[in-house]
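To keep things clear, I will list the structure first and then write my remarks on it.
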2 protein chains.
Amino acid sequence: MTTAKRDTYTPETLLSVAVQVFNERGYDGTSMEHLSRAAGISKSSIYHHVTGKEELLRRAVSRALDELFGILDEEHARVGRAVERLEYVVRRMVEVLISDLPYVTLLLRVRGNTGTERWALERRRDFDHRVADLLKAAAAEGDVRVDMEGRLATRLVFGMINSIVEWYRPGGGGTTAGDVADAVVRLVFGGLRKAE
Amino acid sequence: MTTAKRDTYTPETLLSVAVQVFNERGYDGTSMEHLSRAAGISKSSIYHHVTGKEELLRRAVSRALDELFGILDEEHARVGRAVERLEYVVRRMVEVLISDLPYVTLLLRVRGNTGTERWALERRRDFDHRVADLLKAAAAEGDVRVDMEGRLATRLVFGMINSIVEWYRPGGGGTTAGDVADAVVRLVFGGLRKAE
């Protein structure tokens, strides 16, 4: 845990410490006292930067949400056949999840007890729907199988991607974000079974 | 929550109440007082059945583990080409997860703070290895693709299956265990993309 000197403290380092503490203790279980101790600065210094822990939560999940929604604005997510756009989005979701691992982990653990949490859940649902729409478009274009319900397929694909936060550790075992993204794309689009 | 009369109380109903409370409050956050209130019986009545909450945890996760390991002893998991056995095991994992949803949910949330939790994690790892071995055998028989690392593929497939506990609700939306098992098997083995 960082023990940055007070005079080098920035809102960004405070946010990074807060996200780590939220992920370890749970957001509900984290007090300003915990944040103050983990950051090595006084509570009043924290209040100099933010109004309280809910603002830190909002900034943290916003960062994850902005990265995820940003994917949908990228050229390869907007142009081309739906199945190709979907494949691109799935790959980029894995990359964002790994590059912003603590922030996405926090986003995925949000439970809905506060206004900020309910807002984050709503935004997550919006994102899920955007991806489900892409899957629907790919089915309409005849490129994906239609022998399973679209919503179910989307949930399972998100389940696989989101589970990565449970075991992926940067630098652990030499598995790179690219390796994981490749495996997810191959599995989701091609399946395990070798083509006849 | 049940408020069964004391004289109709059985170890089985106590276990079922305990699993529900553990899943709601987390195992660490559950006291004997919570269990006593949820079950509507005194703490000493609970101690009549078990030595404490850790024994309830052990019984609950044992039930889930026994069901999961039981799959591997079933005929279709033992006889035939490895890819077919793997497909059978994946389907049955989904079915067990849904039929024993609260028990498997608890098993998946175990963290490792007590001896029982560490034992459960160890047993889960054993099960994961058994499934990973099946995948390896299927690759050796030439039936599954080998362009992704086996351990990574296993983790992703388990991630997809385990994520079902986060959203599946019995009777919700008319999606049956069979629908979910079919979708998982199709997705995992065939992938989303329609064969050329």
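The shown structure was predicted, so the numbers you read here are calculated from the model rather than taken from an experiment. Here is the naming used below: chain letters follow the sequence lines, and residue numbers restart at 1 for every chain.
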Residue part contacting chain B, namely of E166(A), when any heavy atom lies under 4.5 Å: neither

When rounded to the nearest 0.5 angstrom, what is the spacing between CD1 in I164(A) and CZ in R155(B)? 11.0 Å

Might you point out which heavy atoms bring V83(B) and R193(A) nearest each other, and give the distance in Å? CG1-NH1, 4.0 Å

List the atom of S163(B), the atom of G159(A), and the distance in Å for their closest heavy-atom pair. OG-CA, 3.3 Å

T154(B) side, atom OG1; L192(A) side, atom CG - distance, nearest 0.5 Å: 8.5 Å

Please classify the contact between D182(B) and chain A as side chain, backbone, both or neither, with a heavy-atom cut-off of under 4.5 Å. neither

With a cut-off of 6.0 Å (strictly less than), are more than 12 heavy atoms of other residues, nucleotides or ligands near CZ of R151(B)? no

Between V146(B) and chain A, which part of the residue has a heavy atom less than 4.5 Å away: side chain, backbone, both or neither? neither

L156(A) versus chain B, heavy atoms under 4.5 Å apart: side chain, backbone, both or neither? both

Pick one of side chain, backbone, both or neither for V180(A), based on which atoms fall under 4.5 Å of a heavy atom in chain B. both

Looking at R130(A), I want to see if its CZ is surrounded by more than 12 non-hydrogen atoms of other residues, nucleotides or ligands under 6.0 Å. no

Interchain contact, L135(A) with chain B, by part (heavy-atom threshold 4.5 Å): side chain

Does any backbone or side-chain atom of D147(B) lie under 4.5 Å from a heavy atom of chain A? Answer side chain, backbone, both or neither. both

Given the rule that I, L, V, M, F, W and Y join up when any side-chain heavy atoms are under 4.5 Å apart, are Y88(A) and V157(A) in one cluster? no

Do other residues, nucleotides or ligands put more than 12 heavy atoms under 6.0 Å from R111(B) CZ? no

Within a strict 4.5 Å, meaning less than it, do heavy atoms of the M148(A) and L187(B) side chains meet? yes

